[in-house]
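In what follows, a single structure is set out as structure tokens and then discussed.
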Amino acid sequence: MSTTVAAVRERSVSCSLDNYLVLPDHTMDARIAAARRELGARAVVLGHHYQRDEVIRFADFRGDSYKLAQAAGRTNAAYIVFCGVHFMAESADILAHMGQQVILPDLNAGCSMADMAEIGQVESCWEQLMALDLTDDHGRGITPLTYMNSTAAIKSFCGERGGLVCTSSNAAAAFKWAFARNQKILFLPDQHLGRNTAFAMGIPLEECVVWDPFMVQGGVTVEKLRSARVILWKGHCSVHQRFLPEHVDKVRTRFPGIQVIVHPECRWEVCQKADGIGSTERLIKMIADAPEGSKFAVGTEIHLVNRMGKDFAKEGKTVITLDESGCLCTTMFRISPQHLCWALENLTEDNVVNRIQVPEEVKYWSRVALDRMLEIG
Ligand code: 13P
Ligand code: SF4
């Protein structure tokens with residue numbers, strides 16, 4: 001360790017996280033940069049687009065869930081520090097090579113949508129579908145398809161039954177893959193992404209049913225389950241579900257000519273009114289590719305919208321949020337510069353904190369499900 005680095009943080013490495021949390025944000029910058037330098041190629045920092053500026057500026061790679069999963073699978077760094085949420089770090093651990101360790105700087109950074117599908121509920125749903133002869137335990141009848149925003153256990157469940165994982169950037173390709181094998185899909189856990197994807201492929205809304213895990217037989221009649229092409233799990237993102245069709249109408253009245261672009265976790269009614277739909281990476285690209293003078297109202301998490309507002313202003317483009325009350329992902333927000341500094345400084349001492357480790361028995365099939373996703377691109 002260099003003496004300067006040692007001097008900067010001589011008080012802290014052995015200190016608990018609590019000692020970091022009382023320090024102001026701006027005092028973290030030099031320390032994070034120093035720890036990052038010291039770790040060199042031993043560590044890679046991955047940052048999701050929803051991370052705060054104070055954190056994402058230290059990311060070696062930033063991206064949407066798909067791009068970050070690819071980066072995690074390709075890096076040779078011993079430590080993968082994931083500035084994102086729990087399901088992303090789990091996926092990185094599944095894709096990591098032997099000996100690599102994945103760190104989530106704050107273990108409380110979860111995802112409320114992923115929490116809406118619990119493996120026991122999914123198993124019970126599948127048993128009920130088997131009892132109706134709609135599928136067997138190998139997925140002959142229904143292809144289980146899970147959004148990346150789910151636990152490793154659910155990814156494994158899908159992999160074992162001939163299914164796969166998708167993100168918001170490849171959901172359509174995953175649907176095609178799934179339909180090439182079966183007439184029906186069970187889509188977990190985001191009903192909105194599932195409905196938006198199915199509808200864009202020409203599947204009418206009546207052929208999508210919603211399975212409520214808290215109701216007998218999901219609250220769906222046998223006839224409807226038999227005729228459905230897509231069984232949607234009753235889950236949603238509490239951040240994106242806040243965007244409403246009236247927000248689109250209002251912003252168009254206030255700013256004539258503005259383009260509305262939204263994340264596919266938004267409600268179907270909102271997506272139908274939008275000019276464009278895409279993953280976080282795709283939303284950025286849509287604006288980057290637009291000519292100078294373009295105006296966009298974006299339906300996604302507020303940190304990304306604000307960052308695009310600042311960055312694209314330099315190119316003469318206007319970017320505002322679709323809903324002025326601002327949609328914050330509180331769990332993404334949990335990764336603070338203090339947490340990142342604590343995690344990195346500990347790593348400089350070879351002390352791994354907040355490691356995310358997917359149990360071996362879950363790894364095999366979840367890896368199969370993730371590999372199928374990476375293969376379809
Ligand atoms: P992206 O894959 O589009 O980045 O989405 C992740 C997410 O959690 C959006 O809420
Ligand atoms: Fe989960 Fe929604 Fe946050 Fe994305 S924005 S991490 S889906 S709670």
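Both ligands and their constituent atoms are indexed starting at 1 by order of listing. Side-chain atoms are counted along with the backbone in the values below, which use heavy atoms only and exclude waters and symmetry mates.
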Just checking, is any N or O donor in the side chain of Gln100 or Asn76 under 3.5 Å from an acceptor N or O on the other one? no
With backbone taken as N, CA, C and O and side chain as the heavy atoms from C-beta onward, which portion of Arg282 lies under 4.0 Å from ligand 1: side chain, backbone, both, or neither? neither
With atoms numbered from 1 as shown, which atoms in ligand 1 lie under 4.0 angstrom from a non-hydrogen atom of His240? 10 (O)
Starting from atom 2 (Fe) of ligand 2, find the nearest protein heavy-atom neighbour and note its residue, name and distance. Cys237 SG, 2.3 Å
Tell me which protein heavy atom sits closest to atom 1 (Fe) of ligand 2, plus the residue, atom name and distance to 0.1 Å. Cys111 SG, 2.4 Å
Residue-level breakdown please: for Thr167 versus ligand 1, do any non-hydrogen atoms fall below 4.0 Å on the side chain, on the backbone, on both, or on neither? neither
Atoms of ligand 1, numbered as shown, that sit under 4.0 Å from any heavy atom of Ser279: 3 (O)
Phe243 ring center near His263 ring center (under 6.0 Å): no
Please state whether Glu265 comes within less than 4.0 angstrom of ligand 2, counting heavy atoms only. yes
Could you tell me which atoms of ligand 2, counted from 1 in the order shown, lie closer than 4.0 angstrom to a heavy atom of Tyr50? 5 (S)
Under 4.0 Å from a heavy atom of Asn149: which atoms of ligand 2 are those, numbered in the order shown and with their elements? 7 (S)
Closest non-hydrogen atom pair, Ala96 against Arg367: O-NH1, 4.1 Å
Which atoms of ligand 1 are found less than 4.0 Å from any heavy atom of Glu265? 7 (C), 8 (O), 9 (C), 10 (O)
Does Glu301 come within less than 4.0 Å of ligand 1, judged by its heavy atoms? no
When you measure from atom 5 (O) of ligand 1 to every protein heavy atom, which one gives the shortest distance, and what is it? His263 NE2, 3.3 Å
His240 N/O/S atom closer than 2.8 Å to atom 2 (Fe) of ligand 2: no
Does one side chain, of Thr300 or His240, offer a donor that lies under 3.5 Å from an acceptor on the other? yes
Minimum distance, heavy atoms only, to atom 6 (S) of ligand 2: which one of Cys329, Ser65, Ser112 is it? Cys329
Does an N or O from Thr280, backbone or side chain, lie closer than 3.5 Å to an N or O of ligand 1? yes
Is the centre of the Trp365 ring less than 6.0 Å from the centre of the Phe157 ring? no
Could you list the atoms of ligand 1 found under 4.0 angstrom from a heavy atom of Ser168? 1 (P), 2 (O), 3 (O)
Ring centres under 6.0 Å, that's the criterion: do Trp233 and Phe187 meet it? no
Could you check atom 8 (O) of ligand 1 against the protein and tell me its nearest heavy-atom contact, residue, atom and distance included? Asn149 ND2, 3.1 Å
Would you please indicate if the ring centroids of Phe333 and Tyr50 are separated by under 6.0 Å? no
Looking only at side chains, do Arg140 and Thr135 share a donor and an acceptor under 3.5 Å apart? no
If you count every heavy atom of other residues, nucleotides or ligands that lies below 6.0 Å from Phe255 atom CZ, does the total exceed 12? yes
For atom 6 (C) of ligand 1, find the nearest protein heavy atom and state the residue, atom name and distance (0.1 Å precision). Ser65 OG, 3.3 Å
Treating Arg195 as the side-chain partner and Cys208 as the backbone partner, does any N or O pair qualify as donor plus acceptor under 3.5 Å? no
Residue that, paired with Pro144, satisfies side chain to side chain contact (heavy atoms under 4.5 Å, CB included) out of Arg161, Lys184, Glu160: Arg161
